[in-house]
Amino acid sequence: MLNSNFMVRTSIEKAIQEALKELGAGNVSFVVERPSDMAHGDYSTNAALVAAKILKANPRDIANKLVDILRSSTALGSDSIQKIESAGAGFINFHLSNEALADVVREAVKEGWGNNNIYLGQKVLVEYTDPNPFKEFHIGHLMSNAIGESIARLFEAGGAEVARANYQGDVGVHVAKAIWAKRQKPEMSWGEAYVYGSAEYENNKEEIDQLNKVIYEKTDPEVNALYDQGRKQSLEHFEDIYKTLGTKFDYYFFESETGPLGLDLVHKHSEVFETSDGATIFRGENVGLHTRVFINSKGIPTYEAKELGLVVAKKKRGQFDLSLTVTANETRDFFRVVRAAAERIFPDLEDKMLTRFHGFLKLTTGKMSSRLGNVITGESLIKDLTEEARDREDVAVGAIKFMVLRQNTGKDIIFDPEKSLSLEGDSGPYVQYALVRTRSLLRAAKDAKTTDKEFSNLEIPRVLLHFPEAVARASLELEPHHVATYLTELASTFNSWYASERLIVDGEVSDAALFFVQAIERTLAKGLEVLGIPAPQEM
RNA sequence: GCCCUUGUAGUUCAAUGGAUAGAACAGCUCCGUCCUAAGGAGUAGAUGUAGGUUCGAUUCCUACCGAGGGCACCA
């Protein structure tokens, strides 16, 4: 159900609609938004500007007329709006009453604060992280995980039933490379073996390709045993990382499963595919895309066919209303083609398959990037940051996730390790620390004597007011950064208050003031939860 | 060559077609007896270029310039 602060907004929208009707401007599409400047009130609308265009009238006149109608409107709660005024070129601003603002604080400590019902009752499958067994868990997987986990939680905040899925490549040349290397150098970890095998691939191509065939056909018991061991160890290792990151998957899909499914599917749908040079392809040019190979000339399903097989595998696990995949930017065009093919085979899936893309994470300092030469694994980044953060893994994870989630998904991230941990900026630890302060304050207050001394602060509820909207917008757009941006603002508002006012004085604390602290604590905690960032008790 | 994504203060990021483009870091000026100063207050500073649509454009359209990615048997 919607929170009451949404009701204020909804009632404003309703009142405007009625007022517009009275003016003879029935169907205009206006917005009620948060003004960029708090001096302009708590909500504002461009209704008069839009209506003036239709009525061919002066926007300010229309705004004034609307204000008159709105002031006597019964659609607005009688005591929730303190002031309505026209301003600027024709905006109408709404200032909430102190009573309504006090309500916000009461709402914020209630169960369900920040939730909405955008996806109420829908079944959503979110696929993300997608590392490959036998290979290293790299930074890209970290990004996919951070974004996917947050989106899953945003769906949940929107009332959806979410299943988390992880799709992993447990077959292919990369496996052969790793196993080949492991036989040469058994002392290596699987991740290292893969790196070594890749480097040696060019010089031992025939041998490794032959090994790949042996793995695929399962003809050599010793190789089989190595494969099973490597797969198991990789997956267990990944499981440790998920635990650190705060993710728990419901489904695991593997290419060993989707390959045969995809192969079968492509064979069955000759109306969608055609053969060319011995390969089975999808002619993307017909729909403004490009051609891609689904089954190669050796009869092996490519990644494209496997992705189709994945659709089948997902459907087998149950019906879903939406299926989202979080993956890297460079697969954009690939997904367009695969989706075009998939929608021909499964017309019922049209508009149900969503994708979110992420960019690269680029480290600014050579300090961490030069380690062991080339690849920076996800774990080494977490490990290095944990050391920098005085052995606080939750702070390190928060720092990384926040850097990923504070900006629009899809753009590359310039990752400055020092900045990510800074308590003075726009960072995960900054928000975590504000939360810790509220919690330590609440703990200290337990030993203090509470008084019924009056307390009032209007700025805090005026910021708190917009939390559910930030979450709702993030849910709707599947853009976690709206929440991250909001949390920075709230943390800053709190810190500013905290610095200027001392709450516990001589062992006494105002009950009313504590209520504000509690509301902020709940909001920061919920916000971090939605982002999938750890919410520490102390730092 | 074609297609996709992208260009905002010195730097890293925001801004559902609306008001004076909002933060953070770095810079400059300040603030420590006290709930964890691992903080706070103030100040200066930006929409790649050229057109177009609109009452109004960072946002939509066109061209150009710059950056990243993709375009047949890898994933």
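Note that the structure is a prediction, hence the values are computed from the model and not measured. The chains referred to below are lettered A, B, ... by the order of the sequence lines, with proteins before strands, and numbering in each begins at 1. No hydrogens, no waters, no symmetry mates; every other heavy atom, side chains included, goes into these values.
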Just checking [X]: base, sugar-phosphate only, or nothing, at a heavy-atom cut-off of under 4.0 Å?
X: R439(A); result: nothing
X: I414(A); result: sugar-phosphate
X: R336(A); result: sugar-phosphate
X: M539(A); result: base
X: F357(A); result: nothing
X: D506(A); result: nothing
X: E508(A); result: nothing

Do the side-chain N and O atoms of [X] and [Y] include a donor-acceptor pair separated by under 3.5 angstrom?
X: N64(A); Y: S86(A); value: yes
X: E469(A); Y: H482(A); value: no
X: D426(A); Y: T488(A); value: yes
X: E285(A); Y: H290(A); value: no

Same-atom distance ([atom1]) from [N] to [M], integer angstrom:
N: G42(B); M: U47(B); atom1: C1'; answer: 26 Å
N: A14(B); M: C25(B); atom1: C1'; answer: 15 Å
N: G45(B); M: C34(B); atom1: C1'; answer: 36 Å
N: U43(B); M: G56(B); atom1: P; answer: 33 Å
N: G27(B); M: G10(B); atom1: P; answer: 16 Å
N: C13(B); M: G52(B); atom1: C1'; answer: 30 Å
N: A44(B); M: U29(B); atom1: P; answer: 15 Å
N: G48(B); M: U6(B); atom1: C1'; answer: 12 Å

Check: A19(B) base within 3.5 Å donor-acceptor of S44(A) side chain
yes
Distance-only donor-acceptor test (3.5 Å): side chain N93(A), base A19(B)
yes
Length of the [atom1]-[atom2] vector between [X] and [N], whole Å:
X: L361(A); N: U12(B); atom1: CG; atom2: C1'; result: 13 Å
X: Q432(A); N: G39(B); atom1: CD; atom2: P; result: 14 Å
X: L363(A); N: U12(B); atom1: CG; atom2: P; result: 14 Å
X: R502(A); N: G39(B); atom1: CZ; atom2: P; result: 18 Å
X: H481(A); N: C13(B); atom1: NE2; atom2: C1'; result: 9 Å
X: F402(A); N: A24(B); atom1: CZ; atom2: C1'; result: 10 Å
X: D416(A); N: G10(B); atom1: CG; atom2: P; result: 19 Å
X: H40(A); N: G22(B); atom1: NE2; atom2: P; result: 11 Å

With a cut-off of 6.0 Å (strictly less than), are more than 12 heavy atoms of other residues, nucleotides or ligands near CD of E330(A)?
yes
Is it the case that atom CG in D506(A) sees more than 12 heavy atoms from other parts of the structure closer than 6.0 Å?
no
Of T488(A) and G410(A), whose nearest nucleotide on RNA chain B comes first from the 5' end?
G410(A)
Per nearest nucleotide of RNA chain B, the residue lying toward the 5' end, L49(A) or E538(A), is L49(A)
Partner nucleotide, any strand, of [N] [Watson-Crick/G-U, under 3.5 Å]:
N: G1(B); result: C71(B)
N: A44(B); result: none
N: G7(B); result: C65(B)
N: A26(B); result: none
N: A15(B); result: none
N: C34(B); result: none
N: C60(B); result: G52(B)

Close N/O contacts between protein and nucleotides 66-75 of chain B (under 3.5 Å):
unit_1, atom_1, unit_2, atom_2, d
G69(B), N2, D333(A), OD2, 3.4
A72(B), N6, R283(A), NH1, 3.2
A72(B), N1, S276(A), OG, 3.0
C73(B), O2', N296(A), ND2, 3.1
C73(B), O2, S297(A), N, 2.6
C73(B), O2, S297(A), OG, 3.4
C73(B), N4, D277(A), O, 3.2
A75(B), OP2, Y303(A), N, 3.4
A75(B), O3', E255(A), OE1, 3.2
A75(B), O3', E255(A), OE2, 2.8
A75(B), N6, R292(A), NH2, 2.8

Please tabulate, one pair per line, each protein N/O and nucleotide N/O from nucleotides 56-58 of chain B that are separated by under 3.5 Å, including the distance.
none

Classify the angle between the aromatic ring planes of F494(A) and W497(A) as parallel (below 30°), tilted (30 to 60°) or perpendicular (above 60°).
perpendicular
Parallel, tilted or perpendicular: rings of F467(A) and Y486(A) (30°, 60°):
tilted
So, the side chain of R462(A) versus the backbone of G41(A): is there a donor-acceptor pair under 3.5 Å, distance only?
yes
Has R332(A) got a side-chain atom pairing as donor or acceptor with F334(A)'s backbone, closer than 3.5 angstrom?
no
Straight-line distance of R443(A) CZ to E538(A) CD, nearest 0.5 Å
5.5 Å
Hey, could you give me the OH/OG distance between Y216(A) and S256(A), rounded to the nearest 0.5 Å?
10.0 Å
One thing to verify: whether E127(A) and K314(A) come together as a salt bridge, which I'm taking to mean a side-chain N less than 4.0 angstrom from a carboxylate O.
yes
Between R356(A) and E479(A), is the closest basic N to carboxylate O distance under 4.0 Å?
yes
When you check every protein heavy atom under 4.0 Å of nucleotides 40-45 of chain B, what one-letter string (B, S, -) results, 5' to 3'?
SS----
Centroid-centroid under 6.0 Å between Y167(A) and Y128(A) rings:
no
